[in-house]
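To find a chain, count down the sequence lines: A is the first, B the second, and so on, and within it residues start at 1.
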There are 2 protein chains.
Amino acid sequence: MEHIDDIDLQLLNILHDNSKYTVKELAKMVNLSASPVFERIKRLENNGYIKKYIALLDAEKLNRGFIVFCNIKLKQHDRNIGNQFVNDIMKIEEIVECYNISGDYDFLMKVSAKDMKHYQDFVFNKLGSVESIGSTQSTFVMAEIKNMYG
Amino acid sequence: MEHIDDIDLQLLNILHDNSKYTVKELAKMVNLSASPVFERIKRLENNGYIKKYIALLDAEKLNRGFIVFCNIKLKQHDRNIGNQFVNDIMKIEEIVECYNISGDYDFLMKVSAKDMKHYQDFVFNKLGSVESIGSTQSTFVMAEIKNMYG
DNA sequence: TTCTAAATTAGAATAAAATTCTTTAAACAC
DNA sequence: GTGTTTAAAGAATTTTATTCTAATTTAGAA
């Protein structure tokens, strides 16, 4: 895999913030013509530096503005229980992120709900039916201060 | 603000996962012709349902694959200290997300570093120079299990 | 330094996509 | 039923992406 230069890095940073610039606009920003910029972006895509392009949606407008970080302890720490847990949480739409972590808990999940009522329903009915879970601990988000993606 | 229908929701879900489909491709997916799909997307953009379009980058390839959740307690809980903290962390590039939370700590930050050495340097030199911070607690990510964005 | 080869760029040409416009169809109120 | 509004389809146009060729730059060898 080749290495990337400063112009590649500029393009990545720009596209990470806004992927809707035209090739011509990007070319102007990095002081090149359109064709090398086009080829650089294709190369960055093919080499995996750019994984995908997505639209960021307004969580509030889509009734998903209530964010909770939910810590999980498993019942036991064997491979079967772990695999079962991963399988189960993959299907639950409210869980938008999940990490295997160090410390007192095994997993940290970011959960996206409409409101507290929805979250309570999620904990009771969805997490409640995941057999592998031993205990949970919820940390509520009062405000989003910084998000380099949103 | 008007409400959105099922086709709008389909388009949002598709674009949330991949914003590079052409209007013609999207039209086929939702059984419409190109022009109404184009107009629907423009409306969703103008009404704020779609906030922006971004490229997702490979953190590992860009030396940012070491993820840590860092809990923060402020020294004191007055408005000045809080504002100072927010101002300071905005400038620190390793902090990719930050939330004001309930519970024992005041803030939860997602930090993105190259490796443990980089993270240690970040805690010492960058967080270490933020006056408003009282104490910190680091939770290390061993594996990313689910990410509806990445 | 000078020459050669490889890589990169610019700019024109082409293909494809986005965007606009006009006509037609459907939904709704009266 | 008729008139009115809204949304859709399809054609026409504009813009953008993509390809291609020639010129330039760069890196390395002599």
Side-chain angles (χ1 to χ4, degrees), chain A residues 1-65 114 147-150, chain B residues 1-65 114 147-150:
Chain A
M1 188 72 62
E2 309 81 30
H3 68 290
I4 63 174
D5 65 13
D6 176 63
I7 290 178
D8 290 330
L9 212 48
Q10 285 182 56
L11 291 171
L12 289 174
N13 284 330
I14 295 168
L15 292 172
H16 181 49
D17 182 60
N18 179 358
S19 62
K20 278 296 181 185
Y21 287 117
T22 65
V23 174
K24 189 191 283 185
E25 288 172 328
L26 293 167
K28 195 159 203 173
M29 295 184 206
V30 300
N31 292 313
L32 282 177
S33 66
S35 30
V37 170
F38 175 79
E39 283 167 8
R40 279 168 179 271
I41 292 171
K42 283 300 161 216
R43 179 168 49 74
L44 291 168
E45 289 170 5
N46 293 335
N47 290 350
Y49 287 90
I50 297 173
K51 291 200 290 184
K52 64 194 301 200
Y53 297 90
I54 68 168
L56 290 182
L57 310 181
D58 187 310
E60 204 67 56
K61 283 201 164 63
L62 295 168
N63 294 324
R64 280 291 161 55
K114 172 174 165 47
N147 192 337
M148 296 302 280
Y149 297 90
Chain B
M1 186 74 60
E2 310 82 30
H3 70 289
I4 63 174
D5 64 14
D6 176 63
I7 290 178
D8 289 330
L9 212 48
Q10 284 183 56
L11 290 171
L12 289 174
N13 284 330
I14 294 168
L15 292 172
H16 181 49
D17 182 61
N18 179 359
S19 63
K20 278 297 181 184
Y21 286 118
T22 65
V23 174
K24 189 191 285 186
E25 288 171 327
L26 292 168
K28 195 158 203 174
M29 295 184 208
V30 300
N31 293 312
L32 282 177
S33 66
S35 32
V37 169
F38 175 80
E39 282 166 10
R40 278 167 180 271
I41 293 172
K42 284 300 162 216
R43 178 168 49 74
L44 291 168
E45 290 169 5
N46 293 334
N47 290 351
Y49 287 90
I50 296 172
K51 290 200 292 184
K52 64 195 298 201
Y53 296 90
I54 68 168
L56 290 182
L57 310 181
D58 187 310
E60 205 67 56
K61 284 200 162 63
L62 295 168
N63 294 323
R64 279 288 176 0
K114 173 175 164 45
N147 193 336
M148 296 303 280
Y149 297 91

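- Residue A:M148 places its CE atom among 12 or fewer non-hydrogen atoms of other residues, nucleotides or ligands, all under 6.0 Å distant.
- In terms of modelled atom types and a separation under 3.5 Å, the side chain of A:D8 and the main chain of A:D5 share a donor-acceptor contact.
- To the nearest 0.5 Å, atoms CD (B:E60) and NZ (B:K114) are separated by 8.5 Å.
- No donor-acceptor pair under 3.5 Å is formed between the side chain of B:N13 and the backbone N or O of B:Q10.
- Residue pairs meeting the ring-ring contact (aromatic ring centres under 6.0 Å, His included) criterion with at least one member in residues 9-33 of chain A, sequence neighbours excluded, are A:H16-A:Y149.
- Contact detail for B:A34 and B:A27: the closest heavy-atom pair is N-CB, 3.9 Å.
- Considering every non-hydrogen atom in both B:L32 and B:R40, the closest pair reads CD1-NE, 3.8 Å.
- Within residues 17-28 of chain B, the residues approached by DNA chain C to less than 4.0 Å at the level of any non-hydrogen atom are B:T22, B:V23, in residue-number order.
- Between the B:N47 side chain and the B:Y49 main chain, no donor and acceptor come within less than 3.5 Å of each other.
- Each end of the helix from C:dT1-D:dA30 to C:dC30-D:dG1 gets its own axis from five base pairs, and the two axes differ in direction by 40°, given to 10 degrees.
- Between A:L11 atom CG and C:dT9 atom P there is a gap of 10 Å when expressed in whole angstrom units.
- Interface residues of residues 31-43 of chain B facing DNA chain C, ordered by number: B:S35, B:F38, B:K42; criterion, heavy-atom separation under 4.0 Å.
- The outermost nucleotides of DNA chain D lying under 4.0 Å from heavy atoms of chain B, listed 5' to 3', are D:dA8 to D:dG10.
- Of all heavy-atom pairs spanning B:L26 and B:I41, the tightest one is CD1-CD1, 3.6 Å.
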With a 3.5 Å cut-off and sequence neighbours excluded, list the donor-acceptor pairs that the side chains of residues 50-57 of chain A form with protein atoms.
from  : atom 1 : to    : atom 2 : distance (Å)
A:K52 : NZ     : B:D17 : O      : 3.2
A:K52 : NZ     : B:D17 : OD1    : 3.0
A:Y53 : OH     : A:E45 : OE2    : 2.6

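- Two residues are said to be in side-chain contact when any heavy atoms from C-beta on lie closer than 4.5 Å; A:L62 and B:L9 meet this criterion.
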Would B:I4 and B:L12 count as a side chain to side chain contact (heavy atoms under 4.5 Å, CB included) if you check the C-alpha gap in whole Å, the side-chain angles of each, and the deciding distance to 0.1 Å?
CA-CA 10 Å; B:I4 63 174; B:L12 289 174; 4.0 Å; yes

